[in-house]
S.K.: 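Sharing a structure below in structure tokens format, with a few things to ask.
Here is how names work: the chains are called A, B, and so on, in the same order as the sequence lines, proteins then strands, and each is numbered from 1.
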2 protein chains.
Amino acid sequence: MKLSTKGDYATRALLELSLLEGPRALSVHELSERTRISPKYLEQIMRRLRTANIVRSHRGINGGYELARPSRDITVGEVVRLMDGPLAPSACASESAHVPCPAYRCPTEAGCVLRGLWANVREAIADVLDRTTFGQLAEKQRDARHVEAYAI
Amino acid sequence: MKLSTKGDYATRALLELSLLEGPRALSVHELSERTRISPKYLEQIMRRLRTANIVRSHRGINGGYELARPSRDITVGEVVRLMDGPLAPSACASESAHVPCPAYRCPTEAGCVLRGLWANVREAIADVLDRTTFGQLAEKQRDARHVEAYAI
DNA sequence: GATAATACCTACTAAGTTAGTAGGAATTAT
DNA sequence: ATAATTCCTACTAACTTAGTAGGTATTATC
């Protein structure tokens with residue numbers, strides 16, 4: 001049930017953008033330094049986020065990427081699905097990319113209790129990821145740093 | 001967040017064994033016919049389930065595999081972890097195979113909000129899979145067939 | 001005691017996926 | 001004009017997956 005580096009890195013980059021004050025853009029170069037992600041690889045990830053309309057870009061010198069929407073309107077679920085595919089453990093239990101059992105690996109679709117189970121798992125994952133926005137994550141991170149600063 | 005065929009097939013085979021009346025064994029040959037899983041591949045899976053003490057085997061003619069414990073004492077979570085590894089999307093959020101952030105891919109462990117998120121996902125998945133036993137699944141499947149029989 | 005069906009074990013492999021890297025074209029503020 | 005940027009396609013090494021192959025050990029039955 002592992003996340004790929006693409007999903008991992010995409011969420012990190014978006015969190016970084018969400019932490020910026022106001023609508024500000026960062027270049028891949030800056031983003032890669034802050035997140036320690038290989039710039040060329042991060043570049044691919046950012047472009048994919050752009051075509052999905054999660055970030056938008058400005059080209060040329062002083063170019064970069066910024067969130068296409070307020071961070072509170074971008075869910076982690078949306079991003080993970082984009083980078084890693086459907087959340088369901090099995091294609092037969094997927095909402096976004098359903099494949100009927102006979103076309104998948106099940107010999108018998110009717111009354112497949114396992115499908116019900118995988119659907120429950122999918123539901124549980126989606127419940128967490130679709131309710132979590134980058135706005136929430138950024139807020140939490142800012143709070144944590146605040147506490148840290150006082151603790152020193 | 002996909003399950004591998006190993007995890008998929010292992011749960012199918014165990015459900016098949018759980019559906020048997022009383023403590024009865026099935027050979028890999030029989031199991032593979034019922035589940036339509038390649039016998040040689042299924043054999044490997046069954047042996048792995050044996051070393052994990054989920055099934056036990058009898059060798060020689062009339063040999064086969066049977067559940068090592070009552071089906072109500074075998075959880076899906078146990079089986080999925082065995083075949084597919086930890087449930088957590090990220091190693092830093094894993095309970096069974098934790099890897100601290102700095103040793104993983106995070107530059108900064110302290111106050112990592114993403115780790116908290118992945119831990120929530122792990123928790124949600126474990127909640128479903130560790131509470132579901134093969135006894136429950138078998139019961140549901142029997143009920144479903146009952147209904148089906150009446151419906152005809 | 002021979003036979004046949006079984007579990008056990010190790011090794012191999014083809015195909016697919018992952019996690020990048022390489023190199024250049026188009027764009028744009030200065 | 002320059003330099004920093006995004007954009008785009010292609011390539012690749014390493015790893016993982018999903019099996020297959022071939023043989024050994026065991027055991028109920030005849």
S.K.: Quick one: side chains of residues 71-80 of chain A, donor-acceptor pairs under 3.5 Å with protein atoms, not counting sequence neighbours, listed by atom name and distance.
M.R.:
from, atom 1, to, atom 2, distance (Å)
A:Thr75, OG1, A:Glu78, N, 3.1
A:Glu78, OE1, A:Arg69, NH1, 3.4
A:Glu78, OE2, A:Arg69, NH2, 2.6

S.K.: Which of residues 21-32 of chain A have a heavy atom under 4.0 Å from DNA chain C?
M.R.: none
S.K.: Can you name the side chain to side chain donor-acceptor pair (under 3.5 Å) partners of A:Thr5, sequence neighbours left out?
M.R.: A:Tyr41
S.K.: Distances under 3.5 Å between protein N/O atoms and the N/O atoms of nucleotides 28-30 of chain C, please, pair by pair.
M.R.:
from, atom 1, to, atom 2, distance (Å)
C:dA29, O3', A:Asn62, ND2, 3.4

S.K.: Within this structure, what is the CD-to-P distance between A:Glu43 and C:dA26, rounded to whole angstrom?
M.R.: 16 Å
S.K.: Would you kindly give the CG-to-P distance between A:Leu42 and C:dT18, to the nearest whole Å?
M.R.: 18 Å
S.K.: What residues form a side chain to side chain contact (heavy atoms under 4.5 Å, CB included) with B:Ile125, not counting sequence neighbours?
M.R.: A:Met1, A:Val121, A:Ile125, B:Leu87, B:Val121, B:Leu129
S.K.: Check the distance between C:dC9's C1' and B:Ile45's CD1 and give it to me in whole angstrom.
M.R.: 16 Å
S.K.: Between B:His98 (side chain) and B:Cys92 (backbone), is there a donor-acceptor pair under 3.5 Å?
M.R.: yes
S.K.: Tell me the interatomic distance from B:Tyr41, atom OH, to C:dC9, atom C1', rounded to whole angstroms.
M.R.: 17 Å
S.K.: Measure from CZ on B:Arg47 to P on C:dA7 and round the result to the nearest Å.
M.R.: 10 Å
S.K.: Nearest whole angstrom, please: distance from the P of C:dC8 to the CE of B:Met46.
M.R.: 10 Å
S.K.: Reading DNA chain D in the 5' to 3' direction, which nucleotide is the first one with an atom under 4.0 Å from a heavy atom of chain A, and which is the last?
M.R.: D:dA3 to D:dA10
S.K.: Which residues pass the side chain to side chain donor-acceptor pair (under 3.5 Å) test with B:Asp84, sequence neighbours left out?
M.R.: B:Ser4
S.K.: To the nearest angstrom, how far is A:Asp84 atom CG from C:dT18 atom P?
M.R.: 8 Å
S.K.: Distance check needed: C:dA19 C1' versus A:Met83 CE, whole Å only.
M.R.: 12 Å
S.K.: Step by step, would you call A:Lys40 with A:Glu43 a salt bridge (Lys or Arg N to Asp or Glu O under 4.0 Å)?
M.R.: CA-CA 5 Å; A:Lys40 283 302 246 179; A:Glu43 189 189 305; 3.8 Å; yes
S.K.: Run the side chain to side chain contact (heavy atoms under 4.5 Å, CB included) test against B:Ser94 and tell me which residues pass, sequence neighbours left out.
M.R.: B:Pro86, B:Ala88, B:Ser96, B:Ala97
S.K.: Rest of the hydrophobic cluster containing B:Tyr104 (Ile/Leu/Val/Met/Phe/Trp/Tyr, side-chain heavy atoms under 4.5 Å)?
M.R.: B:Val99
S.K.: Please collect all side-chain hydrogen bond (donor to acceptor under 3.5 Å, both in side chains) contacts where either partner lies in residues 46-56 of chain B, sequence neighbours excluded, each pair once.
M.R.: B:Arg56-B:Glu66
S.K.: Taking transitive links into account, so neighbours of neighbours count too, which hydrophobic residues share a cluster with A:Ile61 at under 4.5 Å side-chain distance?
M.R.: none
S.K.: Under the salt bridge (Lys or Arg N to Asp or Glu O under 4.0 Å) definition, can you give me all pairs with a residue in residues 129-138 of chain B, not counting sequence neighbours?
M.R.: B:Arg81-B:Asp130, B:Asp127-B:Arg131
